[in-house]
Amino acid sequence: MENPANTELKLLDLLRTRYSPRAFADRPVDAGDLDLLFEAARWAPSCFNEQPWRFIVATREDPEAHATLNAGLAESNQLWASKAPVLLLCTTRSTFAKNGKPNALAEHDLGLAMGNLTAQATALGLSVHMMAGINRDQLRASYGIPEDVAIICAAAVGYAGPADLLPEALAERERAPRVRKPQAELVFSGRWGAPRSVDGDR
Ligand SMILES: Cc1cc2nc3c(=O)[nH]c(=O)nc-3n(C[C@H](O)[C@H](O)[C@H](O)COP(=O)(O)O)c2cc1C
């Protein structure tokens, strides 16, 4: 299924066509493509080049590993994410390696790495759907994740499939129009809350 951003501006194709599907086709992701996703994440910028992101990956080729990660997702996410060929757990080291001080930008930098990973995935025809709905205590225990590592989110990765693969309630959400706040609510100039002047009514 395709579900591009509804914009008249000339967005990069990668950004226009990316969306977060719930319906995944029954098609595995090549190991070489997975390498590329993590390589894209690896080359993201980060505060003091700390690279605080750490991932755990589980593919359906290893059903036990896939089931373990899937079991750590909220039930509402398991409904659709269990069909994705690849599941990721996305974490950050909470402190700087060089001095042990808290890294307040770690989650920001994980976001940049996920942005890179998602752009690379889109270029390969893959989709990424991130999930905050996870059971962090269960995942920490299952994987033996140390206390100084923050468990931020999970992600489902695979080839988007047709919405009618989904139960009807989810299929309806999948087909719903994608909406965004106007730029005037997001970008200010001169004073907090004062929109910068823009062409047209974006
Ligand atoms: C950090 C993060 C956490 C999210 N958590 C969930 C989730 O738990 N379940 C879900 O169905 N979607 C989740 N989403 C997907 C968002 O709902 C989705 O990105 C948003 O509605 C915009 O849709 P789009 O990605 O298709 O543009 C999450 C997205 C992000 C970035």
Side-chain angles (χ1 to χ4, degrees), residues 1-9 11-25 37 40-41 44 46 52-58 66 68-94 104-140 145 149-183 185-186 202:
M1 182 173 140
E2 291 184 3
N3 203 351
N6 176 17
T7 176
E8 280 156 22
L9 297 191
L11 266 189
L12 286 177
D13 255 3
L14 279 181
L15 304 180
R16 202 176 51 78
T17 58
R18 181 215 63 83
Y19 77 107
S20 303
R22 293 176 188 82
F24 286 96
L37 300 191
S46 62
W53 46 78
R54 300 289 183 276
F55 300 103
I56 294 177
V57 57
H66 193 273
T68 301
L69 220 167
N70 183 58
L73 307 179
E75 273 177 33
S76 55
N77 286 328
Q78 287 182 21
L79 280 178
W80 53 267
S82 58
K83 303 282 193 304
V86 178
L87 295 174
L88 303 180
L89 186 62
C90 310
T91 75
T92 54
R93 279 186 42 110
S94 308
L105 279 304
E107 293 181 25
H108 171 276
D109 292 349
L110 170 66
L112 292 174
M114 288 305 288
N116 270 19
L117 183 150
T118 302
Q120 182 70 56
T122 310
L124 294 167
L126 289 160
S127 295
V128 179
H129 192 147
M130 286 162 238
M131 293 169 273
I134 56 177
N135 184 335
R136 291 175 178 76
D137 292 342
Q138 179 180 331
L139 288 160
R140 191 177 292 285
I145 298 174
V149 171
I151 301 174
I152 307 301
C153 64
V157 182
Y159 295 93
D164 53 18
L165 288 176
L166 294 165
E168 194 40 44
L170 286 178
E172 234 170 75
R173 285 170 66 191
E174 192 87 338
R175 294 188 197 104
R178 295 175 61 215
V179 289
R180 288 298 191 264
K181 297 181 172 85
Q183 286 198 19
E185 258 184 60
L186 307 173
R202 290 197 279 279

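First listed ligand is number 1; within each ligand, the first listed atom is number 1. What you see is a predicted model; the values in this text were computed from it and never measured.
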Judged by non-hydrogen atoms, does M114 sit under 4.0 Å from ligand 1? no

Any atom of ligand 1 sitting under 4.0 Å from a heavy atom of R173? no

Are the side chains of L110 and F55 in touch, meaning some heavy atoms are under 4.5 Å apart? yes

Could you grab the distance from atom CD1 of I151 to atom CG of N135, nearest 0.5 Å is fine? 9.0 Å

Give a yes or no on whether the backbone of P21 and the side-chain of H129 come within a donor-acceptor separation of less than 3.5 Å. yes

Sidechain-backbone polar pair: T91 side chain, R54 backbone, donor-acceptor under 3.5 Å: yes

For atom 12 (N) of ligand 1, the option (of H129, R180, R178) bearing the nearest heavy atom: H129

Looking only at N/O atoms, are C153 and ligand 1 under 3.5 Å apart anywhere? no

Do H66 and L87 have side chains that approach each other closer than 4.5 Å (heavy atoms only, starting at C-beta)? yes

Do me a favour and list the nearest non-hydrogen protein atom to atom 3 (C) of ligand 1 with residue, atom name and distance? A132 N, 3.4 Å

Heavy-atom count check: over 12 atoms from other residues, nucleotides or ligands less than 6.0 Å from E107 CD? no

Answer with side chain, backbone, both or neither: which part of I152 has a heavy atom less than 4.0 angstrom from an atom of ligand 1? neither

Minimum distance, heavy atoms only, to atom 13 (C) of ligand 1: which one of R18, M130, E174, M131 is it? M130

Sub-3.5 Å donor-acceptor pair from the side chain of R22 to the main-chain atoms of A171, do we have one? no

Does any N/O atom on Y19 come nearer than 3.5 Å to any N/O atom on ligand 1? no

Identify, for atom 26 (O) of ligand 1, the protein heavy atom at the shortest distance, and state residue, atom and that distance. S20 N, 2.9 Å

